[in-house]
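Below is one structure; the comments refer to it alone.
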Amino acid sequence: MNIPKTIEDIEKNIEMKVPESLHLDYKASPAFSPEKKDEICKDVSAFANSDGGMLIYGIREEKVNKIGYPASIDDGIDTSKFGKEWIDQVLTSNIRPVLSGVEIVEIKLAENRSVMVIHVPKSFRGPHQSPDKKYYKRRNVVSEPMEHYEIEDVRNRRQIFTPLVTMNAYLSERKVYLFIENIGEEVAHNVKFHFSNDFSWYKGQEERFPNALKNGIKFLAPNKRITFFVGAMFPFLRDNSEYDSFFDVSITYQYQQSEREIREDIHIDLKDYLYSEMESDYLKRISEHLSDLKEITHAIGKINDSLKNIERISGATGLNLSISSLTNLWKILRDDDSFKHIKFEKCDMDIIQEVLDVDFDTAYKIYYHYHDNRKETSIEEISGMTGELLEKIKKHMK
């Protein structure tokens with residue numbers, strides 16, 4: 001279940017009349033107060049002792065057959081008195097053992113008025129006790145005291161079923177990578193990946209969807225990491241992009257000693273990784289060469305001053321003369337228009353885009369056609385290919 005992060009997300013729940021369930025509970029704003037802190041801790045610990053879930057405070061609800069349905073947003077919680085810090089302190093001080101991984105989302109309605117969302121993950125460090133010294137579990141749409149055997153079941157969950165498989169992403173040198181990893185000390189069996197319905201691999205590259213993600217992995221060894229290249233960074237992160245930067249995936253797997261299926265729900269937003277450590281290292285390496293680039297720019301500028309009859313070309317180098325101009329300058333000076341061909345295998349996407357004068361997506365498709373040893377399609381079959389573009393390729397590149 002996606003965590004609401006905007007007013008629009010909340011309104012969508014109301015419009016679709018998403019009912020309370022094992023994993024979802026609606027509460028009116030007055031329930032978010034010091035007088036109700038024991039009740040809050042009881043509900044949060046119940047979700048942790050069960051299968052995880054979400055509490056949304058600031059919702060008027062209507063009951064149908066004892067099931068709550070969201071009716072409207074109420075006046076909201078007074079966050080000048082009871083904000084994220086307050087609820088975090090309440091949960092930390094009153095639930096034992098302390099819960100980890102709880103996410104608190106504040107959705108502003110007005111000045112000092114908000115809807116508050118508490119997302120509670122399924123706990124593998126339980127059972128967790130509420131302030132009244134009892135253990136609670138989510139049963140249907142209510143929190144009820146646990147039987148002794150249920151308490152022992154949760155305790156055994158901690159001993160046996162610690163999380164094994166995770167998925168994450170990172171950005172490096174303008175490329176997006178996705179990786180799966182066994183972070184545990186046991187083999188994960190029958191690992192399968194269930195993506196959200198609106199998920200699609202990099203547009204135009206659906207046939208490259210990794211087999212491991214499509215069909216699953218029979219055995220994933222401890223500390224084993226598998227990395228996949230998704231695509232170039234900018235199509236995902238630029239404003240008004242046609243590509244979604246985020247998606248949801250559920251990972252299911254089994255322990256060797258149990259037939260029980262473990263499920264991990266993961267939300268990935270590539271924008272969260274922008275300017276992360278690996279990307280920052282890349283930018284740092286670029287900045288270290290800026291002084292050298294300035295010297296080169298100055299030298300090229302002197303040459304450029306004597307070539308007033310040549311149109312200035314701005315390209316991937318950021319200099320007054322592009323890479324293609326520098327490559328063929330000696331041809332021009334000799335009045336020879338038979339430019340030297342540029343080898344595709346030694347070009348990056350910036351050079352292809354500049355020389356052929358095409359957009360980024362077309363350069364990307366051409367780049368991967370010539371760098372993919374399989375070459376299952378001909379160059380003529382690339383989407384957007386024209387006769388004029390083919391002539392350019394034949395003239396300038398090989």
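Here, residue 1 is the first one in the sequence, and each next residue gets the next number.
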Pairs under 3.5 angstrom only: tabulate donor-acceptor contacts from the side chains of residues 220-232 to other protein residues two or more places apart or in another chain.
residue, atom, partner, partner atom, Å
Arg225, NH2, Glu181, OE1, 3.4

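Qualifying side chain to side chain contact (heavy atoms under 4.5 Å, CB included) partners for Glu150, counting only residues two or more places apart in sequence or in other chains: Lys137, Arg139, Met146, Glu147.
Under the 4.5 Å side-chain heavy-atom criterion for ILVMFWY residues, a single connected hydrophobic cluster contains both Tyr253 and Leu213.
Between the side chains of Glu35 and Ser33, a donor-acceptor pair is found at a separation under 3.5 Å. Judged purely by distance below 3.5 Å, without hydrogens or angles, the side chains of Lys37 and Asn94 never pair a donor atom with an acceptor atom.
A distance of 3.0 Å separates CG in Asp9 from OG1 in Thr6, rounded to the nearest 0.5 Å. One distance of note links OG1 of Thr252 with CD of Glu264; it measures 10.0 Å at 0.5 Å rounding. The structure places NE2 of His267 at 11.0 Å from NE2 of His119, a figure rounded to the nearest 0.5 Å. Atom CD1 of Ile40 and atom CD1 of Ile118 lie 6.0 Å apart (nearest 0.5 Å). Between the CG atom of Asp265 and the CG atom of Asp248 there is a distance of 8.0 Å, given to the nearest 0.5 Å. Met54 CE to Phe47 CZ: the interatomic distance, rounded to the nearest 0.5 Å, is 8.5 Å.
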Output, in order, the C-alpha distance, side-chain angles, deciding distance and verdict of side chain to side chain contact (heavy atoms under 4.5 Å, CB included) for Asp74 and Ile59. CA-CA 6 Å; Asp74 62 22; Ile59 304 294; over 6 Å; no

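The existence of a salt bridge linking Asp51 and Arg263 is excluded, since no basic side-chain nitrogen approaches an acidic carboxylate oxygen closer than 4.0 Å. Ion pair Glu152/Arg155 flagged as a salt bridge, since at least one NZ, NE, NH1 or NH2 atom sits closer than 4.0 Å to an Asp/Glu carboxylate oxygen. Under the 4.0 Å criterion applied to side-chain N and carboxylate O atoms, Arg138 and Asp43 are not assigned as salt-bridge partners. Salt-bridge annotation for Glu106 and Lys108: present, with a side-chain N of the basic residue lying under 4.0 Å from a carboxylate O of the acidic one.
Classified by interplanar angle (parallel below 30°, tilted 30° to 60°, perpendicular above 60°), the ring pair Tyr170/Tyr177 is parallel.
The two residues Pro19 and Tyr26 have their closest heavy-atom pair at C-CE1, 4.2 Å.
Ring centroid separation for the pair His189 and Phe219 comes in under the 6.0 Å cut-off.
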